[in-house]
There are 2 protein chains.
Amino acid sequence: MKLSTKGEYGTRLLLDVALHSRGEPVQLRDIARREKLSLWYLEHLVAPLVAGGIVRTTRGPKGGVSLARPLEEIKLSDIIQQLEGSTAPIACIDDPKFCDRSGSCVTRDIWGEIQKATDNVLESLTLKDLVERHKQKEEAKQPMYFI
Amino acid sequence: MKLSTKGEYGTRLLLDVALHSRGEPVQLRDIARREKLSLWYLEHLVAPLVAGGIVRTTRGPKGGVSLARPLEEIKLSDIIQQLEGSTAPIACIDDPKFCDRSGSCVTRDIWGEIQKATDNVLESLTLKDLVERHKQKEEAKQPMYFI
DNA sequence: CTCTTTCTTGACTATTTCGGTCAACTTAGT
DNA sequence: ACTAAGTTGACCGAAATAGTCAAGAAAGAG
Ligand code: FES
Ligand code: FES
């Protein structure tokens, strides 16, 4: 049940863009520095995100990455779908022809339920939620001087 | 979010034992034939199941595999735990020291929720549930002549 | 127009994990 | 003893992962 680094880093990439975008694009180089990721690896994460319409990029000086949609319209499931493909724990869920004993397989139903459970979480969360959670954590760190 | 064949085959192995055990042990050779799995691969699945106290084996003639506990006391989570290890989508959930930005990481919380979601499913199901579902499917296949 | 900055694309490699096979060994019954 | 099981651990090939890099194309600045 492992998530690959694509999904992991990709989510952090998006969150980083969300947190640091102030109108202008965010540069990959800065993301790499902040998130301690290899610039060359990031490039491979951006491509599918562009293809999935999650992100726009502009080249040249002052270029970089910016979100293609409002925060609250980018679901975590979109990100994972784009970077990891299906969340099915096993191939025959997406493609019943994959296993022969298709219909009568009890275990297949179970894996289906697991997929549904994780999809529920992923679809209920948007980048906006992540940003808000992040801010809450930040505030929790600072004692509230203003009281 | 993939399940490896260990978890997949292991679950089928256990279900097969549950369905065909009539007091005596079930032989690996028969399981391999019925489930169309390699006998040599099955051996690697049995070892951890024995270690986890899920299954007992007896050697020699008429030997084989039998369940170490009643059907309803074998949870799917036990099986997966034993064959796949943790269900954590990412290492830093089990071992916070794995990532440095431990406490403040928002995405980590998400992966934790996903793990919890899948664990909920896995812990709510026992081998007994699987057997019952199987029987239901069997009955559904046969038209009810007895009406 | 040209130079620089930035993303883009695709090739390449190293490492790890997976899936599978096998042989030698141990144990238990007959 | 003999035979029929499971046990253990070595081994291998293929594939997926993770990561690096270089050549190129677009966009701005001057
Ligand atoms: S049908 Fe694919 S695992 Fe049973
Ligand atoms: S702490 Fe491990 S992914 Fe953030």
Side-chain angles (χ1 to χ4, degrees), chain A residues 1-13 16-17 20-21 24-33 35-52 54-68 80 83-86 88-91 98-99, chain B residues 1-13 16-17 20-21 24-33 35-52 54-68 83-86 89-91 98-99:
Chain A
M1 316 297 235
K2 288 286 165 294
L3 188 74
S4 81
T5 54
K6 277 193 192 172
E8 178 194 347
Y9 296 168
T11 313
R12 277 167 56 192
L13 165 83
D16 189 283
V17 172
H20 294 96
S21 169
E24 324 87 61
V26 181
Q27 300 196 353
L28 283 184
R29 195 202 317 172
D30 297 331
I31 301 174
R33 185 171 32 77
E35 301 289 330
K36 295 219 180 68
L37 299 174
S38 152
L39 174 58
W40 296 282
Y41 198 43
L42 278 189
E43 293 166 347
H44 288 301
L45 302 180
V46 173
L49 292 176
V50 173
I54 296 172
V55 122
R56 263 179 296 102
T57 55
T58 46
R59 305 200 239 196
K62 293 281 166 193
V65 180
S66 35
L67 301 178
I80 298 299
L83 290 173
E84 303 264 343
S86 163
I90 198 172
F98 192 88
C99 285
Chain B
M1 317 296 236
K2 287 288 167 292
L3 188 74
S4 82
T5 54
K6 277 194 192 168
E8 177 193 347
Y9 295 169
T11 313
R12 274 166 58 191
L13 165 83
D16 188 285
V17 173
H20 293 96
S21 168
E24 325 86 63
V26 182
Q27 300 198 350
L28 284 182
R29 195 202 315 174
D30 296 330
I31 301 173
R33 185 173 30 77
E35 301 288 332
K36 296 218 179 72
L37 299 175
S38 153
L39 173 58
W40 296 281
Y41 198 43
L42 278 190
E43 294 167 347
H44 288 300
L45 303 181
V46 173
L49 292 175
V50 173
I54 296 173
V55 122
R56 265 180 295 104
T57 55
T58 46
R59 308 201 238 197
K62 291 282 165 192
V65 180
S66 35
L67 301 179
L83 291 173
E84 303 265 343
S86 163
I90 198 171
F98 192 87
C99 284

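Note that the coordinates shown come from a computational prediction; the quantities given were computed from them, not determined experimentally. In what follows, chains carry the letters A, B, and so on, assigned in the order in which the sequence lines appear, proteins first and then strands, with residues in each chain numbered from 1.
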Separation of C/dG20 atom C1' from B/Lys6 atom NZ, nearest Å, is 12 Å
With a cut-off of less than 4.0 Å, is there a side-chain N or O of B/Thr5 near OP1 or OP2 of C/dG19? yes
Across all chains, not counting sequence neighbours, the side-chain hydrogen bond (donor to acceptor under 3.5 Å, both in side chains) partners of A/Thr11 are none
Residues passing the side-chain hydrogen bond (donor to acceptor under 3.5 Å, both in side chains) test with B/Arg33, sequence neighbours excluded, are B/Asp30
Whole-Å distance, B/Met1 CE to D/dA16 P, equals 19 Å
Residue set satisfying side-chain hydrogen bond (donor to acceptor under 3.5 Å, both in side chains) with A/Glu84, at least two apart, ordered chain then number -> A/Ser4
Rounded to whole Å, the CG-C1' distance (B/Leu42 to C/dG19) equals 13 Å
Here the distance between atom P of D/dT8 and atom OH of B/Tyr41, to the nearest Å, is 17 Å
Scanning both residues in full, the closest heavy-atom pair of A/Leu49 with A/Leu45 reads CG-O, 3.3 Å
B/S/- along nucleotides 1-11 of chain C (protein heavy atoms under 4.0 Å) is ----BBBBBBB
With a 4.0 Å cutoff (strictly under), does any side-chain N or O of A/Ser4 reach OP1 or OP2 of D/dA18?
yes
- For C/dT21, take OP1 and OP2 only and decide whether either is under 4.0 Å from a side-chain N or O of B/Ser38. yes
Separation of D/dA16 atom P from A/Leu3 atom CG, nearest Å, is 17 Å
Hits for side-chain hydrogen bond (donor to acceptor under 3.5 Å, both in side chains) against A/Thr5, two or more places apart or cross-chain, chain-then-number order -> A/Tyr41
Taking side chain as C-beta onward, heavy atoms only, is B/Val46 less than 4.5 Å from B/Thr57?
yes
To the nearest 10 degrees, the angle between the two end axes of the helix from C/dC1-D/dG30 to C/dT30-D/dA1 (five pairs per end) comes to 10°
- Query: Do B/Leu28 and B/Glu43 have side-chain heavy atoms sitting under 4.5 Å apart?
  - Reply: yes
From the list A/Leu39, A/Leu13, A/Leu37, side chain to side chain contact (heavy atoms under 4.5 Å, CB included) with A/Ile31 holds only for A/Leu13
